[in-house]
Amino acid sequence: MALRRVPLRRLPPRPVPLASRLERLKETPWAAPSVAGSVEGMDVTVIGGGIAGLALAHQLAPDHDVTVLEASPGPRGGGYMIDFFGPGFVAAERMGIIDELRARGHVYEGVRYGTPDGAESGRIDVRPLAAALGGRYFSILRPEVELGLLAVLPRSVDLRYGARAVAVRDIGLQGGGSPRGALVELADGTSIASDLVVACDGVRSPVRERVAPGHGEIVPMGYRVASYLYPDPELAGELGERMLMTDTVGRVGWAYAAGDGRVGAMFAERTDVASTERPVPDRERLQRDFAGLHPQVDRTLENAPESFYDDLAAQAIAPRWSRGRVALAGDAAHAPSLLAGQGTSLAIAGAEALARSLRAAGPHVEVGLVEYERRWRPTAERVQRAGRRSASFFAPATRLQLRLQQIARRAVMLPGAGLFAARSVLGH
């Protein structure tokens, strides 16, 4: 008698609670277990003493002799408020630095939207999102992240301010042409030879062209962004626990209480996507072009300093993140642009991913660099794609776009929307 083949029923996948997904972030592919101090030490030079560079130095220091070269004369002030969540938050927990960062951060009640006549046009509460993320969420000034990392930086790290790298080249070529190290040449005429050089020098990294020829230029998102901080206890008190964002077309302004009686202001406008040149800060132009968005935003413009952050919102796209003994990390490798809202998170998590991959590879440095890219690139590119998708909504170009945003904001306040937003953030 012939046997009859019975098709197997495929059961639908069981839904995984969001809390379990958050815990799984602690066991992500780029977080393979490893033990500090278990590998032979190298001389490592990190170009850039910002968030990615300091986070990487923190993680490499137990195993290697680390030198950090930062062109600026000291920690950078100014900056803007960012929301800290996602892979960087979980990485900071593993790194043991989350308490230092959280102590410098703040959880606002949410955002209120205002029109040019000063009327309130809507609100978004942050509590549903924070709750859906299991409390792994807070806002923090970008320079405070840097200061927090400095506070926990191991004493063994040689941090040099005012040290500007001008060139990187291979040294100690082996059979087959593979280098055994890299040399960093500085503006003062000195040089540093290392077993490994990691460029953490931002979205406009000069080293990226060397690692990935033809990809040194930034990829503009079509926006120009300016920001600054200044003391204004009266306005800070008026702004309170909600950030103000203007409900306007073409140009958008933000104002928020930044702690210690300070006010933060940020402005964005649409620009030509073909332009890659860094803008020159111009106080009078800023005051002229952004006047009239909202009465409280106008007050921040009256106090605009002569020098402030002013740059294009841009991404860094590179088909490879290492060549020989030179690697890219942070925004130099995969800047998502501030439109994506996770640049700081990616910088910290990516630095940890690189350190863990190097530790797991032991003396096989090139293997560690390849593994770092294999494991971390999918996450970085997913965030970059999200940033590109959201670019058109950053500053509405038309009244119709503005109206669609207003409708979407109402949907955010519906029951369950915080859970949906959290799953979107985590890519589930």
Side-chain angles (χ1 to χ4, degrees), residues 17-19 21-22 25 79-90 92-93 98-99 101-115 120-145 148 225 227 229 235-247 252-260 262-266 268 294 296-297 336 338-346 348 383 386-387 390 393-395 405-428:
L18 179 62
R21 291 178 177 180
L22 287 166
L25 277 175
Y80 47 86
M81 191 72 71
I82 60 102
D83 293 327
F84 190 56
F85 58 90
F89 195 110
V90 181
E93 288 180 319
I98 192 61
D99 290 341
L101 298 181
R102 193 193 288 272
R104 297 170 178 272
H106 184 73
V107 179
Y108 290 88
E109 291 181 3
V111 179
R112 66 181 172 92
Y113 294 84
T115 56
E120 184 174 308
S121 55
R123 289 191 172 199
I124 291 181
D125 292 333
V126 77
R127 285 172 297 180
L129 174 61
L133 288 170
R136 291 188 173 99
Y137 169 94
F138 57 85
S139 299
I140 184 171
L141 286 168
R142 207 170 188 280
E144 286 294 332
V145 179
V225 180
S227 69
L229 298 169
L235 181 54
E238 294 177 17
L239 292 168
E241 289 297 313
R242 286 188 179 273
M243 294 185 175
L244 167 66
M245 181 176 178
T246 64
D247 241 352
V252 180
W254 291 260
Y256 52 89
D260 299 325
R262 295 174 299 171
V263 167
M266 188 163 77
H294 188 277
Q296 288 178 318
V297 173
L338 56 80
L339 306 183
Q342 292 197 64
T344 297
S345 181
L346 287 187
I348 292 176
V383 175
S390 65
F393 295 98
F394 195 62
Q405 286 192 20
Q406 292 169 339
I407 294 172
R409 291 203 301 263
R410 295 193 186 101
V412 169
M413 299 308 297
L414 294 174
L419 183 63
F420 174 79
R423 284 176 172 163
S424 298
V425 163
L426 297 173
H428 297 299

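Here the structure is a predicted model, which is why all the values come from computation and not from measurement.
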Test log, rule side chain to side chain contact (heavy atoms under 4.5 Å, CB included), inputs Arg136 and Phe85: CA-CA 6 Å; Arg136 291 188 173 99; Phe85 58 90; over 6 Å; no
First locate atom [atom1] of [X], then atom [atom2] of [Y], and finally report the distance between them rounded to the nearest 0.5 Å.
X	Y	atom1	atom2	result
Leu229	Asp260	CG	CG	10.5 Å
Leu101	Ile348	CG	CD1	5.5 Å
Leu338	Met266	CG	CE	6.0 Å

Which residues pass the side-chain hydrogen bond (donor to acceptor under 3.5 Å, both in side chains) test with [X], sequence neighbours left out?
X	result
Gln296	Arg112, Glu238
Ser345	none
Ser139	Asp83
Arg242	Asp125

Quick one: list whatever passes salt bridge (charged side-chain N to carboxylate O under 4.0 Å, His left out) with [X], sequence neighbours left out.
X	result
Glu241	none
Arg104	Glu100, Glu144
Arg262	none

By side-chain contact (heavy atoms from CB on, under 4.5 Å) - contacts of [X] (at least two apart):
X	value
Ala236	Ala257, Val263
Ala386	Arg389
Val383	Pro336, Ala340, Gln342, Leu346

Compare all side-chain heavy atoms of Tyr137 with those of Val126 and state whether any distance is below 4.5 angstrom.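 Tyr137 vs Val126: side chains touch.
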Counting N and O atoms only, with roles assigned by atom type, does the side chain of Ser121 sit under 3.5 Å from a partner on the main chain of Thr115, one being a donor and the other an acceptor?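 Side chain of Ser121 to backbone of Thr115: no pair is present.
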Do side-chain atoms of Tyr256 reach the backbone of Met81 as a donor and acceptor pair under 3.5 angstrom?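 Yes; at least one donor-acceptor contact below 3.5 Å.
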Listed by chain and number, what are the ring-ring contact (aromatic ring centres under 6.0 Å, His included) partners of Phe138, not counting sequence neighbours?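 Phe84, Phe89.
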Checking Tyr113 now: which residues fulfil ring-ring contact (aromatic ring centres under 6.0 Å, His included) with it, not counting sequence neighbours?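 Residues passing ring-ring contact (aromatic ring centres under 6.0 Å, His included) with Tyr113: none at all.
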Work out which heavy atom in Ser227 is nearest to a heavy atom in Gly79; give both atom names and the distance.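 So the two residues come closest at OG-O, 3.4 Å.
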